[in-house]
Amino acid sequence: MSTVTCSNEGAIAVLTLVNEAKLNALTTNMLHQLEAHLVALDRNTDIRAVILTGTGSKAFCCGADIAEWGPLGPAEFARNWVRDGHRVFDRLARLSKPTIGALNGHAFGGGLELAACCDIRVISPGGRLALPEAKVGIVPGWSGTQRITRLLPEAVVKEMALFGRQITADRALAFGFAAELAEDVRSASLDIAVSLSRVSPRANELAKAMIHGAVDEDKGAAIEFLGSAAAAESADREEGVEAFLEKRSPTFNGS
């Protein structure tokens, strides 16, 4: 049965795609479970980092399960499958915690788009990247032409999406898409995540929002998050709330 599990290694959460028989292809059930885990993790102050990986050694994720989306009509495909996937992927990309994609093999189609949502990626030496959607008559629908083009050169994205070529792990590392190569990507990712114990989680959250604002990863939300965070820590906010509850006029001092 396809599923997404969540386990903890101390303050590090590990999300695992479990559909090895289909190279961890994403199903509707897996999308819903991934979203539920992300909602819970975003609110869990005990978690400092999140690792996303897959089962087996062949593939991190080979994309969306064609048995799920193939029978859908055009409107349902666009309105539900594509938009639902975007919502879940955006939630991963904008998670308040630092995220690491532990790519334990190939990342194709939706799997590559999912990996692109992580803050950094570790890839196994035999892993390859691809956007093969045109071979089945569709186009990348979960940010392959958008978010990935911010992470890889335009020509490389075209190489995959237009010509169907696969990018090796070495090239992914050279382009900066992968932070490092590792035979044991889970262990390497855990080593990276452990380093977060030495930095401020609040500073990390703010820095991530600032970077996202710079690269237009939901820029509006990033700006309003930063502004709201600053306002929430002000004495004026405390005074305003107290005055409202006490049914009096507030006395603001700008601090």
Side-chain angles (χ1 to χ4, degrees), residues 1-7 9 12-27 29-31 33-35 37-38 41 49-66 68-69 85 88-89 91-93 95 98-133 135 140-144 147-148 151-152 156-157 160-161 164-193:
M1 181 178 177
S2 62
T3 187
V4 179
T5 64
C6 183
S7 61
E9 300 271 350
I12 302 163
V14 181
L15 294 170
T16 306
L17 308 177
V18 183
N19 193 8
E20 188 174 356
K22 289 192 173 184
L23 301 179
N24 299 319
L26 293 167
T27 64
N29 181 57
M30 292 171 73
L31 287 174
Q33 290 190 353
L34 177 58
E35 184 172 33
H37 287 313
L38 293 172
L41 289 171
V50 176
I51 294 171
L52 177 63
T53 191
T55 49
S57 58
K58 291 183 179 180
F60 163 69
C61 175
C62 70
D65 188 347
I66 194 169
E68 293 259 335
W69 62 261
V88 178
F89 281 31
R91 184 172 285 281
L92 172 60
L95 196 70
T99 57
I100 304 170
L103 311 188
N104 53 298
H106 304 321
F108 291 172
L112 177 55
E113 292 167 316
L114 184 64
C117 295
C118 297
D119 294 321
I120 64 171
R121 288 148 291 276
V122 178
I123 188 171
S124 60
R128 289 175 175 263
L129 313 180
L131 291 172
E133 285 85 349
K135 293 181 179 179
W142 287 340
S143 76
R147 186 175 285 120
I148 291 177
L151 299 172
L152 286 168
V156 176
V157 179
M160 290 189 289
R165 300 192 69 184
Q166 298 180 3
I167 304 304
T168 65
D170 286 334
R171 288 188 72 193
L173 182 67
F175 290 131
F177 185 80
E180 63 180 75
L181 302 183
E183 292 289 349
D184 187 340
V185 294
R186 179 182 172 122
S187 178
S189 297
L190 284 169
D191 287 344
I192 295 172

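Bear in mind that the values here come from a model prediction, so they are computed numbers and not experimental data. Positions are given from 1, in the same order as the sequence printed here.
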For residues L41 and A13, report the shortest heavy-atom separation together with the two atoms involved.
CD2-CB, 3.6 Å
Passing candidate, side chain to side chain contact (heavy atoms under 4.5 Å, CB included) with L129, options F175, F60, F177
F177
State, without any angle test, whether T3 and Q33 hold a side-chain donor-acceptor pair at a distance under 3.5 Å.
yes
Minimum-distance pair of heavy atoms, taken over all atoms of L38 and V88:
CD1-O, 4.0 Å
Which atom names give the shortest non-hydrogen contact between C117 and R147, and what distance separates them?
SG-NH1, 3.3 Å
Check this for me, if you would: do E68 and K22 make a salt bridge, where the nitrogen-to-carboxylate-oxygen distance has to be below 4.0 angstrom?
no
Please confirm whether the backbone N or O of L17 pairs with a side-chain atom of T55, one donor and one acceptor, at under 3.5 Å?
yes
Check whether any side-chain N or O of N24 sits under 3.5 Å from a backbone N or O of G54 as a donor-acceptor pair, and report yes or no.
no
Given side chains that start at C-beta, do those of C61 and L26 come closer than 4.5 Å, heavy atoms only?
yes
Single hit among D191, I123, I192, V185 for side chain to side chain contact (heavy atoms under 4.5 Å, CB included) with E180
I192
Closest non-hydrogen atoms of P98 and D119, given as atom of the first, atom of the second and distance, are CA-OD2, 3.2 Å
S7 versus R186, closest heavy-atom pair with distance:
OG-NH2, 4.2 Å
Return yes when atom CZ of R165 has more than 12 non-hydrogen atoms of other residues, nucleotides or ligands closer than 6.0 Å, and no otherwise.
no
Donor-acceptor pair, R121 side chain versus A115 backbone, under 3.5 Å?
yes
Decide side-chain hydrogen bond (donor to acceptor under 3.5 Å, both in side chains) for T27 and S2; before the verdict, give the C-alpha distance in whole Å, the side-chain angles of both, and the deciding distance to 0.1 Å.
CA-CA 7 Å; T27 64; S2 62; 3.0 Å; yes
Can a donor-acceptor pair be found, under 3.5 Å and without considering hydrogens, that links the side chain of H37 to the backbone of V4?
yes
Applying ring-ring contact (aromatic ring centres under 6.0 Å, His included), name anything that partners F108, two or more places apart in sequence or on another chain.
H106
N104 (side chain) donor-acceptor with S124 (main chain) under 3.5 angstrom
no
Donor-acceptor pair, side chain of E113 and main chain of G144, under 3.5 angstrom:
yes
Are the side chains of L52 and I100 in contact, using a 4.5 Å heavy-atom criterion?
no
